[in-house]
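The structure under discussion appears below in the form of structure tokens.
Any value given below was found using the heavy atoms of this structure, including those in side chains, with hydrogens, waters and symmetry copies removed. Letters A, B, ... mirror the listed sequences (proteins, then strands); counts begin at 1.
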Amino acid sequence: MEKLQSLRGMVDLLPEQMPLWQRIEATVRSQFECAALREIRTPLLEVTELFARGIGEATDVVGKEMYTFLDRGERSCTLRPEGTASVVRAALQHGLLGQGAQRLWYTGPMFRYERPQAGRQRQFHQVGIELLGFADPRSDAEAIAIAWDLLRELGVGGLALELNSLGDPADRAAYRTTLVSWLQERRDLLDGDSQERISTNPLRVLDSKNPDTQAVLAEAPLLIDSLSDASRERFEAVRRCLNALDIPYQLNPRLVRGLDYYTHTAFEITSSQLGAQATVCGGGRYDGLIEQLGGAPTAAIGWAIGLERLVLLLAQAQSAGGFTLPTRSPDVYLVSRGEQAERQALVLSRQLRQAGRMVELDLTGAAFGKQLKRADRSGAPWAVVIGEGEAEEGLVVLKDLRRRGDPAEERLGAEELLRRLTLQSP
RNA sequence: GCGGGCGUAGCCAAGUGGUUAAGGCAGCGGCUUGUGGCGCCGCCAUUCGGGGGUUCGAGUCCCCUCGCUCGCCCCA
């Protein structure tokens, strides 16, 4: 069977699903506007080096999940696996940071070559914000609050905010040294992956899901305990802000995150209703990234929400009766038969649309009975019927489809019909 | 990359080695050559994801393969 189908992990969004997506997009736009964020759109394709340098060579995302290929000019190109690196690149390329700090948001598809499962696809969508040029602890709290409130506004329940501080590069370097030697001493007790990571990415060992490794790790030194006084105070300040905002959180000293660029605050918002891929929103501060990509040292914080996971949660909320999506039906369904009548219906449909009415024109040329059956199913309150007889007389029949028993219908001239259907609400 | 489950029509789905592959929804046609929720009648899988094998005989058993799905890893 040679049926053509989409590539693995690449999913279609069918018309039936769009109202939910559109609801999310509309809410995102209005919430972000209130937060004084400005939208930015960047290409889906970037030079591979951007991600290699930005996200980190040792990360899983860069190491084994990127869609990378050579273009016709032998340039290594990569479909973006996340949004931050591109946004920073664009800001630097166009000198946005020279105009002051930037409050930006973006949305669009991202690509990671992974095995699909619930809440995970190879092409997926994110919406995210990036606050570039903000170092104040309040900006951490503000960024988190924007995410938290967006999710709440959408009606997602059962969320938990997990918080950690990764400190600054010096804290991490110091901690890394202590951690590496601590891990070396217990090397034989760790799983294979973790042994590997002692040299490649020791902080990620802490994140291991291997139960035996976790048992060993219970006693491991924590990054949060080896923060400098300044970093610790900074973290305290963020926490005080979150308290002031009444945003509940849970400290998770094991929260490390898989992208190298994070510093200080790291956080995730998770839902227990999502299955194995429980993170709806992930983000943190990345004070070193902009410099690493060739800009001046600039503090920044951002996060991304996975839209497919959000859709999963909202679909649950919806079926639990949390909200209903408005279904749009045509205002008028046009039924016609006979060459002249069909042409008149075509013209009339345009006139009604120009007057702002939603109009569905039956193009099948089928018997009236069939067309009216479709008119009924379309949900339109009105049907306009033009037959050969009416066409001759220059009249149309207006039927009230909501009154089924007594066939309420009137014969009208086209002018009168337009007046009736456009001056008053149907 | 590694494990588990599944694969019968557009959708849901019966079928568990024996002759023509139930049924429902949707769709199409008719009863009703020009007037809609209902009803009745008819049509809609030369074939069970694909390939190979076992057998007198396979949707049903075996092998391979592809796809979907859930989980591991990782992340949104």
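- Regarding A/Glu360, its CD atom lies at a distance of 14 Å from the C1' atom of B/G36, rounded to whole Å.
- Pair assignment for B/A9: none, as no Watson-Crick or G-U wobble contacts are both less than 3.5 Å.
- Relative to the side chain of A/Lys370, the nucleotides B/G29, B/A76, B/U35 differ in distance, and B/G29 lies closest.
- Checking A/Ile386 against A/Ala118, the closest nucleotide of RNA chain B that is more toward the 5' end is the one next to A/Ile386.
- A gap of 14 Å separates the P atoms of B/U8 and B/C68, to the nearest Å.
- The separation between A/Arg337 atom CZ and B/U33 atom C1' is 8 Å, rounded to whole Å.
- If you check the side chains of A/Gln123 and A/Arg112, you find no donor sitting under 3.5 Å from an acceptor.
- Backbone-only contact: A/Glu65 has heavy atoms under 4.0 Å from sugar-phosphate atoms and none from a base.
- In the model, A/Asp168 has no side-chain atom that pairs as donor or acceptor with a side-chain atom of A/Thr263 under 3.5 Å.
- Searching all strands for a Watson-Crick or G-U wobble partner of B/G18 with both distances below 3.5 Å returns B/C56.
- A/Gln117 has no side-chain polar atom (N or O) that falls below the 4.0 Å cut-off from OP1 or OP2 of B/U69.
- Distance CZ (A/Arg8) to P (B/G7): 17 Å, rounded to an integer number of Å.
- No hydrogens or angles were tested; on distance alone, nothing pairs the side chain of A/Arg115 with the base of B/C70 as donor and acceptor under 3.5 Å.
- Both tests pass for A/Arg122 against the ring of A/Tyr113: distance under 6.0 Å to the centre and angle within 45° of the axis.
- At the heavy-atom level, A/Ala383 lies nowhere under 4.0 Å from the strands shown.
- Look at the P atom in both B/G7 and B/C48: the space between them is 14 Å, to the nearest Å.
- A/Glu16 places its CD atom 11 Å from the C1' atom of B/C11, with the value rounded to the nearest Å.
- Pairing for B/G27 goes to B/C43, judged as Watson-Crick or G-U wobble with the two contacts each under 3.5 Å.
- Between A/Arg377 and A/Thr279, the residue whose closest nucleotide on RNA chain B is further toward the 5' end is A/Arg377.
- If you check B/C74, B/A76, B/G71 against the side chain of A/Gln277, the one that comes closest is B/C74.
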Without placing hydrogens or testing angles, list every side-chain donor-acceptor pair under 3.5 Å for residues 16-28 of chain A, not counting sequence neighbours.
{"from": "A/Gln17", "atom 1": "OE1", "to": "A/Leu14", "atom 2": "N", "distance (Å)": "2.7"}
{"from": "A/Arg23", "atom 1": "NH2", "to": "A/Leu154", "atom 2": "O", "distance (Å)": "2.6"}
{"from": "A/Thr27", "atom 1": "OG1", "to": "A/Arg23", "atom 2": "O", "distance (Å)": "2.8"}

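- The separation between A/Leu312 atom CG and B/U69 atom P is 12 Å, rounded to whole Å.
- Here, B/G23 and B/A45 have their C1' atoms 14 Å apart, quoted to the whole Å.
- The cationic atom of A/Arg402 (NZ for Lys, CZ for Arg) lies less than 6.0 Å from the six-membered ring centre of A/Trp382 and within 45° of the ring axis.
- Candidate nucleotides B/U35, B/C72, B/A76 were compared by shortest atom distance to the side chain of A/Phe368, and B/U35 ranks first.
- Across all strands, A/Gly282 comes closer than 4.0 Å only to sugar-phosphate atoms, never to a base (heavy-atom distances).
- Here the side chain of A/Tyr262 is nearest to one of B/A76, B/C72, B/U35, namely B/A76.
- Only the C1' atoms considered, B/G10 is 31 Å distant from B/G52, to the nearest whole Å.
- Across all strands shown, B/C2 forms a Watson-Crick or G-U wobble pair, both distances under 3.5 Å, with B/G71.
- One donor-acceptor pair, N or O on each side, does fall under 3.5 Å between the base of B/G34 and the side chain of A/Glu390.
- A straight line from CG of A/Leu398 to P of B/U35 spans 18 Å, rounded to a whole angstrom.
- If you measure from atom CG of A/Asp60 to atom P of B/C73, you get 11 Å, rounded to the nearest angstrom.
- Proximity of A/Arg80 to the phosphate of B/A76: no side-chain N or O atom is located under 4.0 Å from OP1 or OP2.
- By the 6.0 Å and 45° rule, A/Arg239 stacks over the aromatic ring of A/Phe235.
- B/G51 and B/U60 have their P atoms separated by 12 Å, given to the nearest Å.
- Residue A/Gly338 is classed as having no contact, given no heavy-atom separation below 4.0 Å to the nucleic acid.
- Residue A/Arg120 is in base contact, counting any heavy-atom pair closer than 4.0 Å across all strands shown.
- Between A/Leu45 and A/Leu79 there is a side-chain heavy-atom pair separated by less than 4.5 Å.
- Per the geometry, CH2 belonging to A/Trp303 stands 11 Å off C1' belonging to B/A76, to the nearest Å.
- Residue A/Gly119 is in base contact, counting any heavy-atom pair closer than 4.0 Å across all strands shown.
- The closest donor-acceptor contact from the side chain of A/Asn164 to the backbone of A/Pro253 lies under 3.5 Å.
- Separation of the C1' atoms belonging to B/A58 and B/C41 is 36 Å when rounded to the nearest angstrom.
- Only the P atoms considered, B/A14 is 23 Å distant from B/U20, to the nearest whole Å.
- Comparing the P positions of B/C61 and B/G42 gives a spacing of 34 Å, expressed to the nearest Å.
- Within 4.0 Å of A/Gln121, counting heavy atoms only, lies at least one base atom of the nucleic acid.
- No N or O donor and acceptor, one from the side chain of A/Arg112 and one from the base of B/C74, sit under 3.5 Å apart.
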